[in-house]
Amino acid sequence: MRDDLRQVPAGIPVVLVAHSNAGLFLPLIRSGLDHPVTGSVFVDAALPARQGPTPVAPPELLDLLRPLAVDGRLPRWTDWWDEADVAPMFPDPATRRTLVAEQPTLPLSYYEQHVPVPEGWDDHPVSYLLFGPPYEEPAEEARARGWRVAHLPGEHLHQTVDPAGTARHLVELATTP
């Protein structure tokens with residue numbers, strides 16, 4: 001992130017947006033940036049613990065993943081689930097092929113880690129954009145933390161189905177206190 005932000009002049013504020021499991025890393029990213037952060041938006045995302053380290057995967061997910069690992073590596077995440085659950089996430093077959101081809105096969109050990117949560121990382125406006133199941137619980141937790149929460153009904157990859165609607169919500173969440 002720091003390398004990518006070198007193209008942005010120093011002092012220019014940024015808004016961080018994290019989708020899915022990337023939400024767990026947003027506090028670390030925020031704490032490692034030189035640019036001022038004026039907002040963070042979690043999009044259908046896992047939340048970091050309020051304090052202390054956050055497990056990358058809860059025990060019930062680890063129970064699902066362990067039998068899928070071959071030589072310590074997991075298949076692409078879309079291969080973890082039934083076709084009936086995965087297919088509706090994509091707007092069309094071409095988009096699906098593109099996104100599936102970009103997916104890494106991660107080591108199981110990645111999901112067995114804990115991510116540190118720096119104190120004070122959320123000293124700016126933080127919000128949550130919910131698409132739908134199974135992220136209602138993190139959205140409720142975001143509300144409990146006093147964050148703004150918006151709902152754009154859709155599947156987990158709704159940003160590929162409705163990029164304009166997703167962008168409108170992101171801009172609103174990032175610019176409205």
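Quick caveat, the model's predicted, so the values are computed rather than measured.
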With a sphere of 6.0 Å drawn around CD of E83, does it hold more than 12 non-hydrogen atoms of other residues, nucleotides or ligands?
yes

Does any part of the side chain of [Y], heavy atoms only, come nearer than 4.5 Å to the side chain of [X], both counted from C-beta?
X    : Y    : result
R96  : V86  : yes
L129 : L173 : yes
L16  : F25  : no
V100 : D79  : no
L68  : P75  : yes

Heavy-atom closest pair, residues [X] and [Y]:
X    : Y    : answer
P118 : S31  : CG-OG, 3.5 Å
D3   : R6   : OD1-NH1, 2.7 Å
N21  : A46  : OD1-CB, 4.0 Å
H158 : G154 : ND1-CA, 3.6 Å
L108 : L74  : CA-CD1, 4.0 Å

From CA spacing to verdict: side chain to side chain contact (heavy atoms under 4.5 Å, CB included), R66, E112
CA-CA 10 Å; R66 284 189 178 104; E112 295 172 327; 3.6 Å; yes

For residues [X] and [Y]: do they belong to one hydrophobic cluster (side chain heavy atoms under 4.5 Å, members Ile, Leu, Val, Met, Phe, Trp, Tyr)?
X    : Y    : result
V161 : V43  : no
L152 : V171 : no
I12  : L5   : yes

When the ring planes of F42 and Y128 are compared, do they come out parallel, tilted or perpendicular, using 30° and 60° as the limits?
parallel

Over 60° means perpendicular and under 30° means parallel, so classify the ring planes of W121 and W147, tilted if in between.
perpendicular

Test E140 against R145 for salt bridge (Lys or Arg N to Asp or Glu O under 4.0 Å), laying out the working first.
CA-CA 9 Å; E140 283 305 314; R145 294 182 187 193; over 6 Å; no

Applying side chain to side chain donor-acceptor pair (under 3.5 Å), name anything that partners D63, two or more places apart in sequence or on another chain.
none

Just do the side chain to side chain contact (heavy atoms under 4.5 Å, CB included) check on E141 and R50 with the steps written out, would you?
CA-CA 10 Å; E141 171 63 20; R50 288 183 185 231; 2.8 Å; yes

Quick note, side-chain hydrogen bond (donor to acceptor under 3.5 Å, both in side chains) partners involving residues 32-49, not counting sequence neighbours, are S40-H124, D44-H156

Under 3.5 Å, side chain of D92 to main-chain N/O of T95, donor-acceptor pair present?
yes

Spacing of NE2 belonging to H19 relative to OG1 belonging to T166, to within rounding of 0.5 Å:
9.0 Å

Would V15 and V37 satisfy side chain to side chain contact (heavy atoms under 4.5 Å, CB included), going step by step from the backbone distance to the final call?
CA-CA 6 Å; V15 173; V37 176; over 6 Å; no

